[in-house]
Amino acid sequence: MSVCVCLSEWRQGRMARIILQDEDVTTKIDNDWKRLNTLAHYQVTDGSVIALVPKQNSAYNISNSSTFTKSLSRYESMLRTASSPDSLRSRTPMITPDLESGTKLWHLVKNHDHPDQREGDRGSKMVSEIYLTRLLATKGTLQKFVDDLFETIFSTAHRGSALPLAIKYMFDFLDEQADKHQITDSDVRHTWKSNCLPLRFWVNVIKNPQFVFDIHKNSITDACLSVVAQTFMDSCSTSEHKLGKDSPSNKLLYAKDIPNYKNWVERYYSDISRMPAISDQDMSAYLAEQSRLHLSQFNSMSALHEIYSLHHQVQGRDLVCATEGRADAPAETAQQAGAGDRHHGPDELS
């Protein structure tokens, strides 16, 4: 498979054509700094026509341009290494020392932060403004899906199915405990409910969709879901987050949406509190029905085998710890037991 090297050609009318290069005879040099050409350098305006043309078919005369040849060689070298991890740096503004002429190349910003940079290394400095437009555009594309997710979670009506009785029963229990201990601070009750359901269950599902779906979560997806999960957690918080110019971008991205999401959370808790109370008998009947519906989805013998294997493993470890006189055996045992419990439902142990 052959690789075709293409050039960017700016077309002005039928005859005027200019090849856009990183460096040419018009490149600006200031002391030891040489700036790579940009669209603004060529004065390319909005609505201009730019075409990709093969190198050999270009109408541009490059026979006497050693600068262009050197620039093209550097560009081809970048293409050959595009599959390497270091090529990811090319996504950021380039600041590269020119070993032949002794000048330092810069694209959008000069690298004043690393004057002692090793010769031959490519430094990079992220210019957040470059990615701000793309970040906002991506957020706008996903906004409806994030809103639908939050509204479905924090709603008693627009959720496609009835609110599980267990949620109402659990929230009523928390309110009863608050009344019993004379806790009148509404923020305390709000925090209890948030820690029980949204922050313990939903954040884990949002951050780790592979727990529910048979999918692969790469690093980019993980970073995006972390922003959504952080927004979800901030929406459940009762404290006000003061943001400034130094705040992280994931906090600033949904700063205007979080107050609305907080209203949804408060409305959700309020709507549940006004629902009819669930008696102990109704709750017991509901759990029995759920066990019956999912009876064929679990294997009791398999669950018992897993518990036995865990017990055998922990028992052997406790014996070794006791022989060696280690004091951390109880903590390890409790941690292993807790990890095992997460893999089995209540009816698996019956």
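Every heavy atom of this structure was used, including side-chain atoms; hydrogens, water molecules and symmetry mates were not. These numbers come from a predicted model, not from an experiment.
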If you take the centroid of each ring, where Trp contributes its six-membered ring, are Phe232 and Phe154 closer together than 6.0 Å? yes
Between Ser237 and Met233, is there a donor-acceptor pair closer than 3.5 Å when you use the side chain of the first and the backbone of the second? no
Heavy atoms only: give me the nearest Tyr42-Trp10 pair and the separation to one decimal. O-CZ3, 3.2 Å
Does the side chain of Pro209 come within less than 4.5 Å of Ile215's, by heavy atoms? yes
Could you tell me which non-hydrogen atom of His41 sits nearest to which non-hydrogen atom of Asp24, and how far apart they are? NE2-OD1, 4.4 Å
Residues Leu163, Met275; criterion side-chain contact (heavy atoms from CB on, under 4.5 Å); working and verdict: CA-CA 10 Å; Leu163 182 77; Met275 294 175 64; 3.7 Å; yes
Flag the pair Val227 / Tyr254 as yes when at least one side-chain heavy-atom distance between them is below 4.5 Å, and no otherwise. yes
Starting at NZ of Lys217, measure out to OG1 of Thr221 and round the result to the nearest 0.5 Å. 9.0 Å
In terms of side-chain heavy atoms, does Ser194 have a donor or acceptor partner in Thr191 at a distance below 3.5 Å? no
Hey, mind stepping through Cys6 and Val53 against side-chain contact (heavy atoms from CB on, under 4.5 Å) and telling me if it holds? CA-CA 5 Å; Cys6 295; Val53 295; over 6 Å; no
For Val265 against Ser235, the heavy-atom pair lying closest together: CG2-O, 3.6 Å
Quick one: closest heavy-atom pair of Ala277 and Lys168, and the distance? CA-CE, 4.0 Å
Would you call Ile19 and Ser8 a side-chain contact if the rule is heavy atoms closer than 4.5 Å? no
Working to the nearest 0.5 angstrom, can you tell me the gap between Gln21 CD and Leu36 CG? 12.0 Å
Assess whether side-chain contact (heavy atoms from CB on, under 4.5 Å) is satisfied between Ile206 and Leu149, documenting all intermediate values. CA-CA 10 Å; Ile206 294 173; Leu149 172 65; 4.1 Å; yes
Heavy-atom closest contact (Gln290 atom, His294 atom, distance): O-CD2, 3.0 Å
Do Glu23 and Lys34 come close enough that some side-chain heavy atom pair is under 4.5 Å? yes
Measuring only between side-chain heavy atoms, which start at C-beta, is Ile50 closer than 4.5 Å to Arg11? no
Mind checking whether Phe150 and Asn260 have side chains closer than 4.5 Å, heavy atoms only? no
Can you tell me if NE2 on His181 sees more than 12 non-hydrogen neighbours from other groups inside 6.0 Å? yes
Pairs meeting criterion salt bridge (Lys or Arg N to Asp or Glu O under 4.0 Å) with involvement of residues 190-199, two or more places apart: Asp175-Lys193
Is Val212 linked to Val228 within one hydrophobic cluster, defined over Ile, Leu, Val, Met, Phe, Trp and Tyr using a side-chain heavy-atom separation of less than 4.5 Å? yes
Write down the atom of Gly244, the atom of Leu252, and the distance for their closest heavy-atom approach. O-CD2, 3.9 Å
Hydrophobic clustering (ILVMFWY, side-chain heavy atoms < 4.5 Å, transitive) - are Val146 and Leu136 grouped together? yes
With rounding to the nearest 0.5 Å, note down the distance linking OG in Ser284 to CD in Glu289. 13.5 Å
Test side-chain contact (heavy atoms from CB on, under 4.5 Å) applied to Arg35 and Thr27, step by step: CA-CA 7 Å; Arg35 181 171 188 177; Thr27 300; 5.6 Å; no
Hey, could you give me each pair passing salt bridge (Lys or Arg N to Asp or Glu O under 4.0 Å) that has a residue in residues 136-147? Not counting sequence neighbours. Lys139-Asp257, Lys144-Asp148
Applying salt bridge (Lys or Arg N to Asp or Glu O under 4.0 Å) as the test, list every pair that has at least one member in residues 198-208; sequence neighbours left out. Lys207-Asp222
Residues at least two apart in sequence or cross-chain that pass salt bridge (charged side-chain N to carboxylate O under 4.0 Å, His left out) with Lys262, listed by chain then number, are none
Output the distance between atom CG (Leu7) and atom CG (Leu20), rounded to the nearest 0.5 Å. 9.5 Å
Do Leu243 and Leu253 share a hydrophobic cluster, counting only Ile, Leu, Val, Met, Phe, Trp and Tyr and linking them when any side-chain heavy atoms are less than 4.5 Å apart? no
Residues clustering with Tyr286 (ILVMFWY side chains joined when closer than 4.5 Å, directly or via others): Leu165, Tyr169, Ile278, Met283, Leu287
Should we say atom CD of Gln43 is surrounded by more than 12 heavy atoms from elsewhere, each under 6.0 Å from it? no
Considering only heavy atoms from C-beta outward, does the side chain of Asn208 approach that of Leu225 to under 4.5 Å? no
Hey, could you give me the CD/CG distance between Gln315 and Leu310, rounded to the nearest 0.5 Å? 11.5 Å
Approximate separation, where rounding is to 0.5 Å, of Leu105 CG and Asp22 CG: 9.0 Å
Any heavy-atom pair between the side chains of Cys196 and Leu174 that's under 4.5 Å? yes
Run the side-chain hydrogen bond (donor to acceptor under 3.5 Å, both in side chains) test on Thr138 and Thr141 for me, step by step, so that the C-alpha distance in whole Å, both residues' side-chain angles and the decisive distance to 0.1 Å come before the verdict. CA-CA 5 Å; Thr138 304; Thr141 302; 5.9 Å; no
Is any NZ, NE, NH1 or NH2 atom of the basic residue among Glu240 and Lys242 found under 4.0 Å from an Asp or Glu carboxylate oxygen of the other? no
Salt bridge or not for Asp179 and Arg189, using N-O below 4.0 Å? yes
If Ile, Leu, Val, Met, Phe, Trp and Tyr residues are connected whenever their side-chain heavy atoms lie under 4.5 Å apart, and connections chain through other members, are Phe145 and Ile258 in the same group? no
Is there a donor-acceptor contact under 3.5 Å linking the side chains of Arg274 and Ser270? yes
Selection residues 186-231 - residue pairs positive for ring pair (Phe, Tyr, Trp, His ring centres under 6.0 Å), sequence neighbours left out: His190-Tyr269
